[in-house]
> 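Sharing a structure here in structure tokens format.
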Amino acid sequence: MSESRDLIEAINKSDMDEDVKAFLKDAVTESIRSLSQKGSIAELVAKHNEVEE
Amino acid sequence: MKIVEFQLENIGVHKSQKLDLTKVPHDLVMINGYNNYGKTTLLDGLRFCLFDQHIDPEFLSNSSEKSDLKAGGTLPMMVRVKLELEDKSLAIVERRQFYTKQDDGTFVPSSPDSVVSVNLIPPGSKSGDVEYKTDKDAERWLATQFPPKFMNFILFNGEEMEKFLNPKLRKTVEEVVVQSARLEHFNDVRNLIIGYRDDLQKQAKKVLGKGSSSDSQDDIQGLQSDLDELERLQRIDNEKLEELETKSDDLERSLNSSEDGKKLVRDHSELVENIRLARKRVQELAADLREQTWVAGVNSFFELRLTESLNKQVGNAKDNGMYPARFAKEALESIIRDGQCICGKHVHGDKDAIGHLQDQISLHDKAGPIGQGLQAVEASLLRVTGKAGEARRTHRTMTVNLNRKSEELDGLENKLEIMLRENPELEGEASSKASPAEDFKLVRGEIQTLSSSVEVRKGEIEVLKQRLVDARAAQSAALEREGTSKSLVSSLNFIDRVIEQSKDFSELVLTGVRDEITLYINEKFSTTVGGNYKTIVNPDFSVVCLHDDGSVARISKGQEMLRAYFFAFALRKVAGMEFPLIVDSPKGRLDGRNSMTVIDSIAELIRSESESQMVFFMIDDECTPDVRSSFLELGATEYHLSFEEQPFRRSTIEVGMDPEWVRHGVWKMWAENEALKAQVGNA
């Protein structure tokens, strides 16, 4: 059975922006339960989306 | 992953069955047997154990008596599959008992009817440690390792292969692709991201709905402007207050500097006041004197005229020997008219004289004798003369008083002149009509008024300052919110980009999978079947073969089955499946040339796709000598099912070829040929 690495390969092969790819790769590596926890996605967004101050 | 041990108890004809594949040299196994020997039951046992596939309790009975079908459900059935998974061994055990037989002969359903356990067995250990202690955990683990949707791609049934690409299975194919590519997980993640985006939008709406920092800035500017103006006025008033305080201090100092100074100021004030009073008195006396001058003048006039009139009347009376009262009356009236004409309304003090004359006139009206008339005139004259004398005396007295008062005023004015000459600083005070004390009082009053105003304004300034502090706090809060909203907007933009760019991702992956499957099928078709066919996997996973000109190619039943095999192999490959491949009746209902083509092609597939363990279940018609030979050449290990009817229907798995086969059909011919070959060889 295929693991997340196949999904990550597919994401890498896509023509999405690099920061979007990096975000999605991190997101799909997490379990849904972990990702559903409050603040989890926000942390990922903060990690991959650099806010210009 | 491969199956190393397979054990069944109380399932159909398999009373107690065990297949040990541990020592099989290659991962290729043939299990052959006649129809109804329990081949399919073995596969059902695997489906039941690995995929929790429904099993009919009636099927469990090994009794041929229909009336005792439920009795099969009373037997505690068990399937145990031992697997090698990477460097680990594990056993999946599933037990079930459908019914319990009561003492009265009736059957009641058992509960629970299913128990699953999974034991993880470390290498080298026979007993193994139980990793999954609860049924739920075991079932969850099993569903992860053997997803139910994958069942048709692990356990094939050749007889159904021709239906393999029907719409129902196509849907399953898509589900398998989605699951194998973890697109379900991806879509779940994406849905969570979309949910997070909705939350962000709500937050942004909430934050952006409040006042902005620019609004607060306007408030601050307005308040600051008001405050600046108030503070400016306050500064002016404070400066003025300081000046007044200084002036007040000077005045106070001046007032308190010395007793002489104070006395001088008092004397000066007193003198000025006395002069004012003296001037007033002189003015009054002068006015009285002017009045008295008139009075004296009028009285003198009456005195003169009466004297003249009397002398004339006396003379007339003496000449005529009589004095008529009428003449006296006319003379008096003439005097009164003349007096009134001269004095007018300004005559003062003569009213008595005129009144007396009028009394005399009425007396004359009554008088008759000359003597009385003369006496009356003389009396009047006497009175007028007295009055005139008195008026003149009064006038003189008043003149004297006036002169004396004038002198007194002159004296006072001289004294003031001297005082001012000696104390020139008093000049201003005198001219301002106010004393230093009054000035001091005025200044203190002004200070008090100004201080009140300053105090009131101080309160207003404090209020404004507090409002300014509040406005600045509001601005800080707004700036903080704007910082937050900026971050929110940035996050929203990023999330929107993620959602937008990933919206076609699943479809792209599916398209990629379809392309891979298409490529695989076309490659296998060209190498095994040949022909100018091009296979297309449609978006709904239906498969068609086309000629080069695009027309639909008609292919044989055998080719259709092969296409299904290729498709299934391709799917396993793109899905990265590592499960064993178990095929029941690999050539299905195909016959003759078609069946050999299929078996040859399958053998070719096995040679090229050797990663997976493969187990083939075949009947005698299917496993022809040629097929068997092909499989044995590939290194297959052969088993057969042995069956006995008595004392009850029972099947056992044994190694090697079924010796019964050589007594019938093609196998009999094959055996004879083999024997003949052997004889020739020996000869």
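A, B, ... follow the sequence lines: proteins, then strands. Residue 1 opens every chain.
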> So what's closer than 4.5 Å to chain B heavy atoms on A/Ala46: side chain, backbone, both or neither?
neither
> Under 4.5 Å, counting heavy-atom pairs only, tell me which of A/Leu44, A/Asp17, A/Leu24 racks up the most with chain B.
A/Asp17
> As an exercise: rank B/Ile193, B/Leu508, B/Asp199, B/Ile495 by heavy-atom pairs under 4.5 Å with chain A and give me the winner.
B/Ile193
> Looking at A/Ile41, A/Asp15, A/Val45, which makes the most heavy-atom pairs under 4.5 Å with chain B?
A/Ile41
> Heavy-atom pairs under 4.5 Å with chain A are the metric here; pick the option from B/Val189, B/Leu200, B/Val509, B/Asn493 that has the most.
B/Val189
> Kindly write out the residues that satisfy side chain to side chain contact (heavy atoms under 4.5 Å, CB included) with A/Asn12, not counting sequence neighbours, or none if the list is empty.
A/Ile8, A/Lys25
> Roughly how far, to the nearest 0.5 Å, is CD1 of A/Ile32 from CG of B/Leu192?
5.0 Å
> May I have the step-by-step check of side chain to side chain contact (heavy atoms under 4.5 Å, CB included) for B/Val615 and B/Ile3, ending in yes or no?
CA-CA 10 Å; B/Val615 182; B/Ile3 297 170; 5.7 Å; no
> Using a strict threshold of under 4.0 Å (side-chain N to carboxylate O), is an ion pair present between A/Glu18 and A/Lys21?
yes
> Below 4.5 Å, heavy-atom pairs only: which of A/Ser36, A/Ser14, A/Ser40 has the largest tally toward chain B?
A/Ser36
> List in chain and number order the residues that pass side chain to side chain contact (heavy atoms under 4.5 Å, CB included) with A/Glu30, two or more places apart in sequence or in another chain; answer none if no residue qualifies.
A/Ser34, A/Leu35
